[in-house]
Amino acid sequence: MAIEVFNDGPTFDAVIEITAGQFGSQTQRIPVELPTNTRKRLVVPFFCASAGYLTMDARLKDSNGKVRDERLGTRLNIVQWKTPLMGALPASYGGMPTFPNDRQHRPEWQPTVARLESEFVPDNPIALEGLNTIYLNTAKALELKEPQINALLSWLHAGGHLVVAVDQPADLNAAGWLREVLPAEVAGGNSLRAGTALHHWLSEEEWAPLYGYAPPVPGYSPSHPLARPNSKVNKSKPVANAGNPFTELAAESEFGAADLPVLTLLPQEGKVTVKSGTVPMIVSGSRGRGLVTLLAFNPEREPFRSWKLRPWFWARLIDVPHALLGKADFNVYGGRSLDAVFGGMVETRQVRKLPVGFLLLLLVVYLVVIGPLDQWWLRKINRPMLTWITFPAYVALFSLLIYLIGYKLRAGQIEWNELHIVDVLPQGDGTRAVLRGRTFTGIYSPRNDAYKIATDLQYASFRAEFQGLWGNGNDNGKVSLLAKPVGFEAEVFVPVWTSQMNVADWQDTAESPLVAKLGSGGHTIRLENHSGHRIGRLWVVSAGGPISELGDLPMGAAKEFDLTGAGATSLEPFVAAHENEFQTVVTRREEIFGDSAKAHIDDWASASVAASFGSLLHLNNGDSREFVWPAGMDLTSLFQRNDTIVLAWIPDASLVAPFNKFTPKRQQNGTLLRLVIPSR
Amino acid sequence: MIPLRPTSAILRFWLGCLLALLAGSLAQAKIQFDVFAGYGDAGGGVVRAGG
């Protein structure tokens, strides 16, 4: 959410209050100092928990709480969780990428391009995570300020797909940061007839860009309507390529015959994706978990700009699933939140649920006692008027009994649990790293109380548990968040004898807690533990292959591990083995009464590893019970890219200061480090 | 009645002007408050469900 405030009146301290939706959802407050004649722009990340209709209310208040201005009911367009969403910074308005838009009659499934104004490009990398791809024209790259550039590069290394078109080769001299991440060197230009090559690529050739923030890949379920034919699928069950809309596209002779100005690209680490004869037209290469695609031509200039198949080119470039480009109807089921799986880990064990059978029995006994039994024995002793005393006595007695049952089942001590999933994104030579953390927190409260949670990490945000696409999508106002320039302060209200799960998203830069280096041939891996704690369990998913559990790594130790040894299993069955447990836990968490057994996950480590490959989770139960997770949580597309993935479990420790600003009586925490070594 | 000295009249005139200017600028003082929710601009921004 971008906010711009201009104050030409007297100086005052303002608070901007943002509320999403009309149902008392989480409120976020941002304090801003507004001196006279200043214009302030700020961008704050927020989590969209709604799948249908969403409006935002923003109020500008002064320090006395008086509303100075407000913007209520700002309507947002929501795209489905799996719909590709692209941000674009074109040099001109007419150069905006477009997608074929006459195909999909449901707007939420329409692949969408959002035009980003250069002054409103977020300077917070977490706020960019909703975008799968960003198209950047070098003319606009020059307008970006340093914090925005840092956020963009951070987004790229964490898993984004950056598509770059060069307006003037000289732009790259001024934007050295961009030149450094390009997969090819840009030299002088010439012009050639490349229309046929582009059309051939569009309709014939294979292209499956893989990067961390790629829309979830249901490639493992070939029958899934959004399966991509080029995804790596179980070879025995190839994806039906019928209805591929790209094969139906007729070539346009005008474009084929036109001269297209192109730049000479000299690929470095990148792969040539499209070439015309021997001239590279599109070069792409991975950067960290992300991908950079460089175009040799400017798609905003003629003749490309007038090419009838231009929308199809963009759809192909970002690998839009065929179903979203076809006219046939399809159904995608599912939409349970993966948060609930982590909830099953961090939730307190102090609360037990009342079995439904027992509750019904209690109700029947109560009805029998207050009705027939009371009448029978009062008639027997011939004192019917006594019912004025016995009846209230029964009510009091049963109320006490119910309280005692509740106390026995649910009363406990204040508890705080933290599970950190930390992505280690190495910088430079790998000694320092950006840490992108997702902290799943669970609070149990023995009374009605509000609890303070805060952090001073560089970029941080806090949200309530996401209830899934079909849930009520809000937290009923239990979380109140104060966003600070660095970190946040939140207050969470927890009703008596209940527990609540919340999620903190954060990013910070620190010494790399885990350094990994692959041996020649990828058969060995050398790991160094700089986390300051003992790594209790270690898994390595070797280049698109099996997962091996490698034992432990003491604090400060460095060790070389053999990846060809015994004990390696295929990743798919390893993940699928957790699916039934996950489904049971999620179902049990939704029930108010019922069985307390199997409502929790005790092995945080291996469950967190399995939950890191969400796209592989529906091998057993089909697509109807699919999970939903925020961008970057799923590592499947990196596994498909043949990257090596290291997962290190640090038991009972955290790399960051505790978020709780209260003293719990019980506490448990753990950290899963996730490090990806890109394939070359 | 003591006649006003010319300097005092000029002083009062300018003081009056200054006060009027200040009052005018305060009356005109306004806050411009714009909110852009979601990605993109025209016609409402776009967001992803569950992201």
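Each chain gets a letter, A, B and so on, in the order its sequence line appears, and its residues count up from 1. Every heavy atom of this structure was used, including side-chain atoms; hydrogens, water molecules and symmetry mates were not.
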Colleague: Report which part of A:R71 has an atom under 4.5 Å of a heavy atom belonging to chain B: side chain, backbone, both, or neither.
Modeller: both
Colleague: OH of B:Y39 to CG of A:L85: how many Å apart, nearest 0.5 Å?
Modeller: 7.0 Å
Colleague: Measure distances from A:Y213 to the heavy atoms of chain B and classify the residue's part below 4.5 Å as side chain, backbone, both or neither.
Modeller: neither
Colleague: From B:D34 CG over to A:F120 CZ, what is the distance, rounded to the nearest 0.5 angstrom?
Modeller: 7.0 Å
Colleague: Heavy-atom distance under 4.5 Å to chain B: side chain of A:A14, backbone, both or neither?
Modeller: neither
Colleague: Given a strict heavy-atom distance threshold of 4.5 Å, which part of A:E4 is in contact with chain B: side chain, backbone, both, or neither?
Modeller: both
Colleague: Of the non-hydrogen atoms in B:F33 and A:I3, which two are nearest, and what is the gap between them?
Modeller: CE1-CG2, 3.7 Å
Colleague: Which atoms of A:E70 come close to chain B, meaning under 4.5 Å heavy atom to heavy atom: side chain ones, backbone ones, both, or neither?
Modeller: backbone
Colleague: Donor-acceptor pair, B:R48 side chain versus A:W81 backbone, under 3.5 Å?
Modeller: yes
Colleague: Given heavy-atom pairs under 4.5 angstrom as the criterion, report whether the side chain, backbone, both or neither of A:A58 touches chain B.
Modeller: both
Colleague: Let's test your reading of the structure: which of A:P630, A:P122, A:C48, A:A88 forms the most heavy-atom pairs below 4.5 Å with chain B?
Modeller: A:C48
Colleague: I'd like to know which of A:D339, A:T83, A:T112 tops the heavy-atom pair count under 4.5 Å against chain B.
Modeller: A:T83
Colleague: Just checking heavy atoms, which of residues 29-47 of chain A are less than 4.5 Å from chain B?
Modeller: A:R39, A:F46, A:F47
Colleague: Could you check which of A:G87, A:A127, A:G632 has the highest count of heavy-atom pairs closer than 4.5 Å to chain B?
Modeller: A:A127
Colleague: Is any side-chain heavy atom of B:F36 less than 4.5 Å from a side-chain heavy atom of A:T74?
Modeller: no
Colleague: Taking all non-hydrogen atoms of both residues, which atom of A:L116 and which atom of B:G40 are closest, and how far apart?
Modeller: CD2-N, 4.0 Å
Colleague: Select one option (side chain, backbone, both, neither) describing which atoms of A:I18 are under 4.5 Å from chain B's heavy atoms.
Modeller: neither
